[in-house]
Chemist: 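What follows is a structure written as structure tokens; I'll ask about it next.
Below, read A as the first sequence line, B as the second, and so on, with proteins coming before strands; counting in each chain starts at 1.
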Protein chains: 2
Amino acid sequence: MSELEAPRAVRALWAGSSDAPRRGPKPAMSVPAIAEAAVTLADEQGLDAVSMSSVAKRLGFTAMSLYRYVDTKDDLLQVMLDRAYGPVTVATDPDADWRAAAGDWARALLGRCQAHPWVVDVRMSSPPLTPNSVAWMDAGLRALSGTGLPPQQVASSLLMVDSYVRSHVRLLKEYSPDGLAAWSTRLRGVIDPGATPAVWEALQAEVFDDAPADEPWPSDDFTFGLEIVLGGIQQLVDP
Amino acid sequence: MSELEAPRAVRALWAGSSDAPRRGPKPAMSVPAIAEAAVTLADEQGLDAVSMSSVAKRLGFTAMSLYRYVDTKDDLLQVMLDRAYGPVTVATDPDADWRAAAGDWARALLGRCQAHPWVVDVRMSSPPLTPNSVAWMDAGLRALSGTGLPPQQVASSLLMVDSYVRSHVRLLKEYSPDGLAAWSTRLRGVIDPGATPAVWEALQAEVFDDAPADEPWPSDDFTFGLEIVLGGIQQLVDP
DNA sequence: CGGAACTGTGTACGATGCAAGCGGTTTTGG
DNA sequence: CCAAAACCGCTTGCATCGTACACAGTTCCG
């Protein structure tokens with residue numbers, strides 16, 4: 001039989017601080033405290049700076065002591081994600097327009113992801129199991145249930161919105177203005193105008209350079225792309 | 001002055017095999033050969049199995065010898081990506097409908113990404129600089145130039161299509177049927193129906209379980225989501 | 001022919017994730 | 001009430017990783 005239970009650290013998040021009398025010394029740390037330390041560390045120095053020892057050192061303990069709370073580093077990343085998302089920051093009005101509700105949900109999630117941009121760098125093999133992640137999912141499902149679509153399509157639609165938000169965050173990271181400038185100059189030094197004329201023309205048009213403020217690139221209008229996705233979902237609603 | 005040139009390995013990809021007479025022994029390896037070995041290794045055992053030593057061992061050399069061709073592991077990942085994408089596998093008909101051309105481009109890219117799913121796990125800090133990557137970009141720009149949109153919007157549109165393809169690949173990986181089944185059973189064991197009713201109902205409706213073949217989840221219809229994105233671009237074309 | 005440029009290699013270092021075991025502490029059961 | 005069990009944080013140790021550095025051998029230029 002394979003392991004059917006969630007990882008220990010994830011179960012700790014669900015259980016909360018149960019002060020049931022247990023044997024042995026009182027734990028000096030807690031899974032949420034570890035998650036908080038790891039998150040602030042990732043916020044300050046990036047995801048690569050998060051190691052067992054660095055997180056432990058920040059808390060004043062040794063690396064190995066963390067393993068009393070978190071079985072593996074992947075589990076640590078999971079609880080970090082849960083902490084980064086935090087509780088759902090958007091109200092749920094069951095009678096609201098589903099499109100407005102979904103938009104609010106997406107913008108709220110975007111805010112959390114922008115506050116902790118490293119979340120999009122965490123490699124996930126399966127969907128998250130942590131309380132806040134599930135709460136976000138629940139809020140998204142509730143928002144999209146207003147479409148009246150069958151459950152499977154509601155879930156699929158939520159997946160599309162969620163994917164769009166994450167893609168946008170990745171875009172903002174990868175195509176940051178300074179990195180973009182260095183990239184375009186490097187690109188100018190290698191490409192062959194004859195082989196890739198469209199890229200060449202784009203470079204000539206200074207598409208990737210610092211654009212005037214009235215025409216920024218990439219389009220920083222998150223709402224624009226979002227409306228495209230929501231419009232696509234609407235096509236499911238109105239046949 | 002910051003470094004304005006592309007990394008050595010990337011320049012080697014652009015230069016091709018120039019047999020200009022150079023001093024010292026003939027190189028026993030080459031950047032493309034290294035890339036090929038690393039790619040097949042990633043295909044067979046996953047991206048985590050790709051290390052300097054493992055790639056070198058596959059080629060019959062030591063880890064350090066790779067550094068004569070690739071300055072850092074990040075550069076190795078870049079040339080791996082270039083090899084994974086390969087040359088553009090879609091024809092470009094300048095007179096074709098831009099929507100069909102963009103769709104073909106997206107489906108071709110999807111094929112390459114599915115052949116090497118680890119490509120979406122490579123963390124990128126800036127856009128790729130390698131020949132095949134640029135060639136794919138060029139083909140995408142050419143396909144979308146048929147929209148007649150200004151260059152900035154063409155580039156933004158391509159970014160949206162590209163993001164969608166990558167999101168879809170990530171989705172297929174993360175929500176694979178077997179991982180999904182384990183996830184849903186684990187989820188059943190932790191969630192509180194009162195706190196997250198929508199997730200609970202979705203679980204009751206067996207949304208995430210093995211769905212009947214006539215209603216698979218997540219919707220494996222890549223084209224469906226693609227049409228949404230292309231439809232959004234069309235809204236830019238037809239005001 | 002001698003040196004310059006370049007090759008692959010061996011060694012070494014710090015960092016990482018983690019397994020195993022240790023002494024000390026607290027609760028529990030007889 | 002006390003031994004056993006459960007649990008804490010810590011030390012030690014190991015394999016692996018990326019990579020800096022020095023070295024011996026090879027090839028070409030002057």
Chemist: Checking all strands, does B:M64 fall into the base, sugar-phosphate, or nothing category for heavy-atom contacts under 4.0 angstrom?
Modeler: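 Counting heavy atoms under 4.0 Å across all strands, the contact made by B:M64 includes a base.
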Chemist: Centre-to-centre under 6.0 Å for A:F222 and A:Y164, is that the case here?
Modeler: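 They qualify: ring centres under 6.0 Å apart.
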Chemist: Rounded to whole Å, please give me the gap between CG in B:D74 and C1' in D:dG18.
Modeler: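 It works out to 11 Å between those atoms.
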Chemist: Are OP1 or OP2 of C:dG8 and a side-chain N or O of B:Y69 less than 4.0 angstrom apart?
Modeler: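 For C:dG8, OP1 or OP2 has a side-chain N or O of B:Y69 closer than 4.0 Å.
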Chemist: Reading DNA chain C from 5' onward, which residue's closest nucleotide shows up sooner: A:S53 or A:R68?
Modeler: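 Its nearest nucleotide lies further toward 5', so the answer is A:S53.
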Chemist: Report the nucleotide, chosen from C:dG17, D:dG9, D:dC28, that has the shortest atom-to-atom distance to any side-chain atom of A:F61.
Modeler: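 Among C:dG17, D:dG9, D:dC28, the one nearest the side chain of A:F61 is D:dG9.
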Chemist: To the side chain of B:S65, which of D:dC8, D:dC17, C:dG8 is closest?
Modeler: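 Of the options given, the side chain of B:S65 lies nearest C:dG8.
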Chemist: Output the rounded distance in Å from CG (A:D48) to C1' (D:dC17).
Modeler: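 These atoms are roughly 13 Å apart.
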Chemist: With no hydrogens and no angle check, do the side chains of B:D74 and B:T72 hold a donor and an acceptor under 3.5 Å apart?
Modeler: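 Distance-only check fails for B:D74 and B:T72.
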Chemist: Separation of B:Y67 atom OH from C:dG10 atom P, in whole Å?
Modeler: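 Taking OH of B:Y67 and P of C:dG10, I get 16 Å after rounding.
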Chemist: When all nucleic acid strands are considered with a 4.0 Å heavy-atom cut-off, which category describes B:A28: base, sugar-phosphate, or nothing?
Modeler: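 It contacts sugar-phosphate atoms only.
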Chemist: Please figure out whether B:R23 or B:A63 has its closest DNA chain D nucleotide nearer the 5' end.
Modeler: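 It is B:A63, whose closest nucleotide lies nearer the 5' terminus.
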Chemist: Phosphate oxygens OP1/OP2 of D:dC8: is one of them under 4.0 Å from a side-chain N or O of A:R22?
Modeler: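 For D:dC8, OP1/OP2 do have a side-chain N/O of A:R22 under 4.0 Å.
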Chemist: Roughly, in whole Å, what's the span from CG in A:L66 to P in D:dT11?
Modeler: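 From A:L66 CG to D:dT11 P: 14 Å.
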Chemist: Separation of A:R8 atom CZ from C:dC18 atom C1', in whole Å?
Modeler: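 Distance check: A:R8 CZ to C:dC18 C1' gives 13 Å.
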Chemist: Name the residue closer to the 5' end of DNA chain D, choosing between A:P25 and B:G24 according to the nucleotide with the nearest heavy atom.
Modeler: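 This one resolves to A:P25.
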Chemist: Between OG1 of B:T89 and CH2 of B:W105, what distance do you get to the nearest 0.5 Å?
Modeler: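 It comes to 10.5 Å.
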Chemist: Indicate whether the side chain of B:D43 and that of B:W118 have a donor and an acceptor atom separated by less than 3.5 Å.
Modeler: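 Side chains of B:D43 and B:W118: pair found under 3.5 Å.
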Chemist: Out of D:dT19, C:dT27, C:dT9, which has the shortest distance to the side chain of B:T62?
Modeler: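 Selected nucleotide: C:dT9.
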Chemist: Scan B:R170, B:R166, B:K173 and name whichever one has a salt bridge (charged side-chain N to carboxylate O under 4.0 Å, His left out) with B:D121.
Modeler: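 The salt bridge (charged side-chain N to carboxylate O under 4.0 Å, His left out) with B:D121 is passed solely by B:K173 among B:R170, B:R166, B:K173.
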Chemist: Answer with base, sugar-phosphate or nothing: what part of the nucleic acid does A:S51 contact at a heavy-atom distance below 4.0 Å?
Modeler: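 Sugar-phosphate, backbone atoms only, no base.
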Chemist: Calculate the interatomic distance between A:L59 atom CG and D:dC10 atom P; express it in whole Å.
Modeler: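 These atoms are roughly 11 Å apart.
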Chemist: Can you tell me how far C1' of C:dC13 sits from CE of B:M52, to the nearest Å?
Modeler: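 B:M52 atom CE is separated from C:dC13 atom C1' by 17 Å.
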Chemist: Any idea which of D:dT19, D:dC29, C:dT7 is nearest the B:T72 side chain?
Modeler: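 For B:T72, the side-chain atoms sit closest to D:dT19.
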Chemist: Starting at atom NZ of B:K57, determine the distance to atom C1' of C:dG8, rounded to an integer number of angstrom.
Modeler: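 Whole-Å distance recorded here is 17 Å.
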Chemist: Run the numbers on A:N132 and A:T130 for side chain to side chain donor-acceptor pair (under 3.5 Å), then give the verdict.
Modeler: CA-CA 6 Å; A:N132 286 332; A:T130 56; over 6 Å; no
Chemist: Within the pair A:K26 and D:dG9, is there a side-chain N or O less than 4.0 Å away from OP1 or OP2?
Modeler: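 No, A:K26 has no side-chain N/O under 4.0 Å of OP1/OP2 on D:dG9.
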